[in-house]
Protein chains: 2
Amino acid sequence: MDQIHSASLVGDAIGAISRHIRERYLMPGDKLPSEALLSKELNVSRTVVREAFRSLAAMRIIELATGKRATVAQIDHGAMSLMIEHGVHTDQINIHQIYDVRRTIETRIVTLAAIRRTDEEAAEILHLAGQMKASLGDPAQLMEYDLAFHTALAQASRNPVYSLLIGSFQGITRQTWPMGWKTRPTQAARDLMVQTHVDMARAVAASDPLKAVELMSLHFDESVRALLTAGMS
Amino acid sequence: MDQIHSASLVGDAIGAISRHIRERYLMPGDKLPSEALLSKELNVSRTVVREAFRSLAAMRIIELATGKRATVAQIDHGAMSLMIEHGVHTDQINIHQIYDVRRTIETRIVTLAAIRRTDEEAAEILHLAGQMKASLGDPAQLMEYDLAFHTALAQASRNPVYSLLIGSFQGITRQTWPMGWKTRPTQAARDLMVQTHVDMARAVAASDPLKAVELMSLHFDESVRALLTAGMS
DNA sequence: CTCCCCCAACCTGTCAGACAGGTTTTGCTT
DNA sequence: AAGCAAAACCTGTCTGACAGGTTGGGGGAG
């Protein structure tokens, strides 16, 4: 019954299921075998198959739903977001390090967005910047439009890896954004922050990557300064 | 016994355990309660707690080991690496998109590395570049030194998020690297590729970020061209 | 002949209990 | 006081059971 213990039955099952997906070229939405069938094929109990499924679902490699069969999943930032948050909460990553990465990739994103955006995307980006301006009195709402703005830019870059990364930082950004906002006490500072976004949207709409990058850099310079003022070492 | 079904018992348990880590400020290495205790506290079966543990372990938020209690884990690129590979295998991400991201972050990494590297790190980076040169006849070995070289640069950037990202791309790079190598058929092309790394290592050791960035850009220009030649659309 | 509804078969979510190892703690012996 | 061995504890896996969600197909109504 029991063969050589390579590592753990669950680990082996994860490998077998991954291989199954790869070898059959399964695409997102395609169905996987049922737990019962896999447990028979792999000669392990349903418990083991279930734990393997859970592991893959945690990484968003597959998707589970009650009653239905497991399916191959679309890439999604949920898992990475949790991992990043965990890193920050356990002092393995700090906010400045995240800002450095965001600055690096977002300057690239905005360049690509200015070059590749469709007209619909340009309109959406302009719209979101406009909504930011309209939400100056409601920080929580403003933050959501801000996040949506950067997500839309990533989308317009036409590179799903950038979307994935921006999404991954969204969770932790949501927890630190208010800190930066509070340190922009004057109306002028707040107007500037929002205006920078509006101008950036216009630069992207005008297909002017250089201008867009300049504004993105300005935005991050300003944000990092705000965080420092807030006492984040 | 059964209260309102928020979503799923396992989902709730994952939340409860995450909260436990956060609220008690647990750090990597700290122990979590046993499965039996958690199942009693959360009023669920051990099955549910185990599946929650597996999910968190898949995201490398906690670490499991037989006999021992679960512990809080250090951030690690294993899970992200699998997610990226899954994205590529299911045609949701292509190699060029990954190269664009790598180029973007590695030019930043090499700048930071040139500024922040310790003398030990500089020596290690020079050593790895030297090993690449010595492995010109053994592609598999050369690839490993190449990967180690870029990992060492990320390390020297002193930003764990860059290390995490570089590590995440390593799995898929390992699967595509040989393709690029084969399209450098002449000895001159291969020498150039390795020499670029040696020069880059020297620039980092000399604390010359501008030169280092220039070489990194050159390297990626060349790599992307190689991939295109290999017929990667 | 077509359409719709409902049921049977299938599938996942959760529980309880059991047992084989690996790990830690305790307490006794020397 | 140091060291060792047994007891207590813990995780990995299996089995069997049942509630509830999902789906395809067959039969009846129109």
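By convention in this document, chain letters (A, B, ...) are assigned in the order of the sequence lines, proteins followed by strands, and residues within each chain are numbered from 1.
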Original post:
Which parts of residues 47-60 of chain B get close to DNA chain D, meaning a heavy atom less than 4.0 angstrom away?
Top reply: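 By residue number: B/Arg50, B/Arg54.
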Original post:
Heavy atom of residues 32-41 of chain B under 4.0 Å from DNA chain D: which residues?
Top reply: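 By residue number: B/Ser34, B/Glu35.
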Original post:
Is it true that the side chains of B/Gln131 and B/Gln141 contain a donor and an acceptor less than 3.5 Å apart?
Top reply: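 Their side chains do not contain a donor-acceptor pair, so the 3.5 Å distance test is not met.
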Subject >> Side-chain donor-acceptor pair present, B/Gln170, B/Ser81, cut-off under 3.5 Å >> reply: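 There is no such pair between these side chains.
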Subject >> Flag if over 12 foreign heavy atoms under 6.0 Å of CZ, A/Arg22 >> reply: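 Atom CZ in A/Arg22 is packed in, count exceeds 12.
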Subject >> Heavy atoms of other groups near A/Gln155 CD, more than 12 under 6.0 Å >> reply: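 Not buried by this count: 12 neighbours or fewer within 6.0 Å.
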**OP:** For residues 33-43 of chain A, pull every pair meeting salt bridge (Lys or Arg N to Asp or Glu O under 4.0 Å), keeping only residues two or more places apart or in separate chains.
**Re:**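 Sorted result for residues 33-43 of chain A: A/Glu35-A/Arg46, A/Glu35-A/Arg50.
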Subject >> Pairs satisfying salt bridge (Lys or Arg N to Asp or Glu O under 4.0 Å), at least one member in residues 137-150 of chain A, at least two apart >> reply: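 For residues 137-150 of chain A: A/Glu144-A/Arg174.
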Subject >> ring pair (Phe, Tyr, Trp, His ring centres under 6.0 Å) partners of A/Tyr145, counting only residues at least two apart >> reply: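 Once residues adjacent in sequence are excluded, A/Tyr145 has no partner under the ring pair (Phe, Tyr, Trp, His ring centres under 6.0 Å) criterion.
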**OP:** If a protein heavy atom is under 4.0 Å from the base, mark B; if only from the sugar-phosphate, S; if neither, -; do that for nucleotides 19-26 of chain D going 5' to 3'.
**Re:** --SSS---
Original post:
When only distance counts, do a donor and an acceptor, one from the side chain of A/Arg46 and one from the base of D/dG16, lie under 3.5 Å apart?
Top reply: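 Side chain to base: no pair below 3.5 Å.
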**OP:** Test A/Thr90 against B/Tyr25 for side-chain hydrogen bond (donor to acceptor under 3.5 Å, both in side chains), laying out the working first.
**Re:** CA-CA 7 Å; A/Thr90 54; B/Tyr25 298 99; over 6 Å; no
Original post:
So which nucleotide from D/dT13, C/dG13, D/dT11 ends up closest to the side chain of B/Arg69?
Top reply: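 For B/Arg69, the side-chain atoms sit closest to D/dT11.
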Original post:
Would you call A/Ile166 and A/Glu106 a side-chain contact if the rule is heavy atoms closer than 4.5 Å?
Top reply: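 A/Ile166 vs A/Glu106: side chains touch.
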Original post:
Starting at CG of B/Leu9 and ending at P of C/dG13, how long is that distance when rounded to a whole Å?
Top reply: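 So the CG-P distance, B/Leu9 to C/dG13, works out to 11 Å.
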Subject >> A/Arg69 with A/Glu63: basic N within carboxylate O range, under 4.0 Å >> reply: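 The answer is no: the pair does not qualify as a salt bridge.
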